Structures are given as C-alpha cells and as structure tokens.
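Have a look at the structure below, then the notes.
Quantities reported herein were computed from a predicted structural model and do not represent experimental measurements. Just so you know, residue 1 is the first one in the sequence shown, and it goes up from there.
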Amino acid sequence: MVDTRLERWIVHHRVGWLDDIFVALSQVGVQGAIFLVIAAISALYWRRPAIFLYVLLGSLLADLLSLILRHAIGRERPPLRFPDPEPLVRVPPNPAFPSGHAATAFACAALLAWLTPLPKVPLFILATLIAFSRVYVGVHYPLDAIGGAILGLAVATALRRLVEARRRSAQSPQ
C-alpha cells in the first residue's frame with residue numbers, strides 16, 4: 001500500500017536536526033493547543049470572546065469525532081506493526097485513523113481564518129506541519145493525517161454554517 005510505503009520512507013529518512021522541531025509541533029498540536037492560544041490572544045485583541053469560544057468548540061468537536069472514528073475504524077498505528085525505527089513520541093493507546101492532531105489543527109485553523117483577519121496561509125501551514133509531524137514522529141500513516149485534516153475542515157464548515165444560519169434566523173422578521 002502506498003500509504004504504508006510513504007510512512008516507512010518518511011520515518012526511515014528522518015533528519016536529525018528536524019526531530020526536535022517535529023516533536024515540538026506534535027506537542028503544541030495536542031487538542032489544538034497552539035491554536036487555542038492564538039484564539040485567546042485574538043479574542044482579547046479584537047475584544048470578541050466568541051473567537052475563542054468557537055475555536056474551543058471546534059477543537060473539542062474535532063477531537064471527539066476523531067476519537068469516535070478511531071475506535072470505530074480501529075486502524076493499527078505504525079509502531080505496532082513496525083517497531084523500527086522507534087517513534088519519537090509516546091504511542092497513543094487508541095487506534096490511528098483519523099489523526100486527532102490533524103483534525104483539531106485544521107478545524108481551529110479554518111475557524112480562525114473565518115473569524116479573524118489573521119493571514120490565512122500561515123494558519124494552514126501550521127496546521128499542515130502539525131498534521132505532518134504525526135507521521136514524521138512515527139505514530140500515524142499519511143492517510144491518517146489527511147483524514148484528520150478533512151474531518152477538521154468538515155467540523156469547521158459545519159460550525160460556520162450553523163452560526164450563519166442562526167444569524168440569518170435571528171435577523172429575519174418574525
């Protein structure tokens with residue numbers, strides 16, 4: 001399978017000086033932590049607490065849905081199948097598909113892109129690096145990260161549509 005071969009190629013071709021960078025990206029990506037910090041700062045700066053609340057809700061929903069899907073799908077993580085090389089981080093106890101890091105990162109990036117005037121490209125570059133970090137550190141296959149990214153974008157889109165529908169119904173004459 002191409003997915004497995006690509007994961008094997010990535011972990012067998014790690015570049016030593018990048019290891020700490022991708023471990024750090026993986027750590028700040030836990031439940032969208034870095035994006036929650038950005039959302040909190042943005043909410044304070046623009047005096048719009050809803051920014052933080054929406055990003056927090058997006059992160060929680062993406063994480064919960066990814067966890068439910070991981071258990072329903074049950075895809076084994078790479079280190080359980082291929083013990084060498086060792087992963088650079090602790091192997092999570094739950095299954096692999098879709099990546100929760102990727103789901104929360106993309107949900108949060110998309111919500112921040114919608115809710116703030118922050119430059120959008122850096123938000124999505126950060127989300128992509130966090131998603132890729134999970135493959136690089138050896139705990140996900142590339143399709144896990146892609147599936148997580150799609151899930152995160154779907155969560156953000158659904159939240160945006162719900163908010164916009166709510167606003168429209170509140171503005172329409174009764």
Side-chain angles (χ1 to χ4, degrees), residues 1-40 55-113 118-158:
M1 179 180 217
V2 173
D3 188 40
T4 303
R5 279 191 237 135
L6 184 55
E7 185 275 339
R8 294 286 78 205
W9 188 90
I10 291 167
V11 297
H12 281 283
H13 290 86
R14 290 180 186 143
V15 179
W17 63 271
L18 288 175
D19 291 0
D20 290 338
I21 293 169
F22 282 109
V23 167
L25 282 163
S26 193
Q27 291 170 343
V28 300
V30 173
Q31 295 178 328
I34 188 68
F35 291 103
L36 292 173
V37 170
I38 294 168
V55 174
L56 177 62
L57 181 59
S59 176
L60 293 172
L61 284 172
D63 195 48
L64 177 63
L65 289 173
S66 70
L67 185 61
I68 290 168
L69 286 170
R70 281 197 302 271
H71 285 288
I73 295 167
R75 184 178 194 190
E76 188 175 68
R77 289 184 182 267
L80 300 178
R81 189 168 168 205
F82 308 105
D84 290 320
E86 287 188 23
L88 300 177
V89 297
R90 181 187 63 80
V91 180
N94 48 40
F97 184 89
S99 165
H101 279 69
T104 57
F106 275 86
C108 292
L111 288 165
L112 282 167
L118 292 171
K120 285 137 186 51
V121 171
L123 292 170
F124 286 103
I125 288 173
L126 179 57
T128 301
L129 288 171
I130 289 169
F132 177 75
S133 77
R134 302 302 285 168
V135 178
Y136 185 93
V137 300
V139 294
H140 276 290
Y141 294 100
L143 284 179
D144 300 340
I146 293 167
I150 292 168
L151 175 62
L153 292 172
V155 165
T157 301

Less than 4.5 Å apart, side chain to side chain, heavy atoms only: is that true for [X] and [Y]?
{"X": "I73", "Y": "P95", "result": "no"}
{"X": "F132", "Y": "L25", "result": "no"}
{"X": "V23", "Y": "Y136", "result": "no"}
{"X": "L153", "Y": "F124", "result": "yes"}
{"X": "H101", "Y": "S133", "result": "no"}
{"X": "V121", "Y": "I125", "result": "yes"}

Ignoring hydrogens, what is the shortest heavy-atom contact between [X] and [Y]? Give both atom names and the distance.
{"X": "G138", "Y": "P87", "value": "O-CB, 4.0 Å"}
{"X": "A62", "Y": "L151", "value": "O-CD2, 4.0 Å"}
{"X": "P98", "Y": "G147", "value": "CB-C, 3.7 Å"}

Item to check | Audit row: L126, I130, side-chain contact (heavy atoms from CB on, under 4.5 Å) steps and yes/no | outcome: CA-CA 6 Å; L126 179 57; I130 289 169; 4.0 Å; yes
Interatomic distance, [X] atom [atom1] to [Y] atom [atom2] [nearest 0.5 angstrom]:
{"X": "C108", "Y": "Q31", "atom1": "SG", "atom2": "CD", "value": "10.0 Å"}
{"X": "F106", "Y": "T157", "atom1": "CZ", "atom2": "OG1", "value": "12.5 Å"}
{"X": "T104", "Y": "L65", "atom1": "OG1", "atom2": "CG", "value": "12.0 Å"}
{"X": "L112", "Y": "F35", "atom1": "CG", "atom2": "CZ", "value": "7.5 Å"}
{"X": "L143", "Y": "T4", "atom1": "CG", "atom2": "OG1", "value": "8.5 Å"}
{"X": "R8", "Y": "D84", "atom1": "CZ", "atom2": "CG", "value": "8.5 Å"}

Checklist entry - For the residue pair H13 and W9, does the interplanar ring angle fall in the parallel (under 30°), tilted (30 to 60°) or perpendicular (over 60°) class? => result parallel
Item to check | Polar side-chain atom of R77 near backbone of V139 as donor-acceptor pair, under 3.5 Å | outcome: yes
Checklist entry - Would S66 and R70 satisfy side chain to side chain donor-acceptor pair (under 3.5 Å), going step by step from the backbone distance to the final call? => result CA-CA 6 Å; S66 70; R70 281 197 302 271; 3.1 Å; yes
Item to check | Inter- and intrachain pairs under side chain to side chain donor-acceptor pair (under 3.5 Å), touching residues 20-30, at least two apart | outcome: S26-R134
Next on the checklist: Quick check on side-chain contact (heavy atoms from CB on, under 4.5 Å): which of I146, I10, D3 does Y141 satisfy it with?
Outcome noted: D3
Next on the checklist: Between D144 and E7, does the side-chain contact (heavy atoms from CB on, under 4.5 Å) criterion hold? Intermediate values first, please.
Outcome noted: CA-CA 10 Å; D144 300 340; E7 185 275 339; over 6 Å; no
